[in-house]
There are 2 protein chains.
Amino acid sequence: MSALKSSIIETFGFSESEFNSIQDFFVPIEIKKGDHFLKQGQYVRHLGFVENGILREFLYTNGKEVTKWFSSSGYFAVDLSGFLFGQKSKVNYQALSDVSLLALSKDNYDKIADKVQRWNILEKMFLTKCFSVLENRVISHLSMNAEERYNQLFDINPELFNQVPLNYLASMLGMTPETLSRIRNKRS
Amino acid sequence: MSALKSSIIETFGFSESEFNSIQDFFVPIEIKKGDHFLKQGQYVRHLGFVENGILREFLYTNGKEVTKWFSSSGYFAVDLSGFLFGQKSKVNYQALSDVSLLALSKDNYDKIADKVQRWNILEKMFLTKCFSVLENRVISHLSMNAEERYNQLFDINPELFNQVPLNYLASMLGMTPETLSRIRNKRS
DNA sequence: TCGATTTTTTGATATTTGTCAAGCCAATAA
DNA sequence: TTATTGGCTTGACAAATATCAAAAAATCGA
């Protein structure tokens, strides 16, 4: 079983046979470095699963560019609420390297319920997990300083630090690139 | 129609008749000022809708007490992921004043699907909205300073500022009470 | 490979925010 | 009523973080 397939199974909680029944819903897409998978203001027509490479999720707000997340291998890439509500995206997804991903269209997403009996339960669990991740992120900002947030991310996901430009990482952590650089310096 | 009933209808997107069919699932509870509706570590057995008074959601983490949210009239009170997954609560809900609320037990929550045809859709929309609120909160911390976060909250929910102790509000905004006090001072 | 561009670091300095201590005010209980 | 408590503010100072400018390092394209 491919790593990507097992990460989709994991993300949604499918059994292998459940996944096999909707396998064809996932369409491979290649994105060149620098190109966008999704742009702020466009309708969110696909949910992507990254197989190789990294996408950066970012948006413009309050006159700033803010990096919100990185989708690397095994992660999904989508403006979730835009996708589910059929609305326009609030964010951009841009490829930081050549990226290959599997795309699930909104139309096919809505057909999963016909193929997978438990889909209502699985979808609910999926959404709840997404909610929980954000909850923890809010709590991090309420209870930790820049260095603690850096350490937390580094402990959980050290690979990220040699895969993406540090100025984007700084933005995602809510600090300037200079501050991140100094924290790194301190640790080494 | 009572304000509380219409806020439940609004929260979940029920029609009035859909709500009527599950009306009995909601059980009134009174909580005395200072008492807890939910404690960190307890199983989350109920989802509460506040009718009167205010509850404070808070938790202990990294050696600090962090206020995460206030549930005032019309809002719900629950550790959502704990409730949906049948897990223990990560947070406390304490009454800042005498509170009356309607409680929906997990058992009854799971029975809504039998009574309301569209429940799967409505529940999904409800979860997506919750997700979206947290998304915006994360973005606030990535793109705004203390004063901007204060102003944003004040513009959206000014009543909060004369209903809850400001030191708790400061914590929810991710700043110290002194900083909040000085920002307030500046504005007046 | 070289030059150009981007990313990262470093230093100096400014600003924001936190900490600590004290005082004030208002609500509340004895 | 007074005394007490909790909540809020204020001031002085310290620490964290941002800003700006420049240099160094890494990356990329021709």
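These numbers come from the heavy atoms of this one structure, side chains and all, not from hydrogens, waters or symmetry mates. A note on names: the letters A, B, ... follow the listed sequences, proteins ahead of strands, and every chain is numbered from 1.
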B/Asn145 atom CG is separated from C/dG18 atom P, nearest whole Å, by 11 Å
In whole angstroms, the gap separating C1' of C/dT17 from OH of B/Tyr150 amounts to 17 Å
Exactly one of A/Phe126, A/Phe26, A/Phe25, A/Trp119 clears ring pair (Phe, Tyr, Trp, His ring centres under 6.0 Å) with A/Tyr109, and that residue is A/Trp119
From NE2 of A/His141 across to P of D/dT17 the rounded distance in Å is 12 Å
From the candidates D/dT9, C/dT9, D/dT17, the one with an atom nearest any side-chain atom of A/Ser181 is C/dT9
When rounded to whole Å, the CE to P distance for the pair A/Met175 and C/dT8 reads 14 Å
Judged by nearest nucleotide, the residue sitting upstream toward the 5' end of DNA chain D, B/Arg182 or B/Tyr168, is B/Tyr168
Between CG of A/Leu96 and C1' of C/dT7 the distance, given in whole Å, is 13 Å
Rounded to whole Å, the CZ-P distance (A/Arg184 to D/dA25) equals 14 Å
Result for salt bridge (Lys or Arg N to Asp or Glu O under 4.0 Å) between B/Lys5 and one of B/Glu16, B/Glu18, B/Glu10 points to B/Glu16
B/Asn167 atom CG is separated from C/dA26 atom P, nearest whole Å, by 18 Å
**OP:** Could you tell me whether the phosphate oxygens of C/dT17, OP1 or OP2, come under 4.0 Å of any side-chain nitrogen or oxygen in B/Thr176?
**Re:** no
A/Tyr75 OH: over 12 foreign heavy atoms closer than 6.0 Å = no
Would you call B/Asp107 and B/Lys111 a salt bridge, taking side-chain N to carboxylate O under 4.0 Å as the test?
no
Separation of C/dG11 atom C1' from A/Glu178 atom CD, nearest Å, is 11 Å
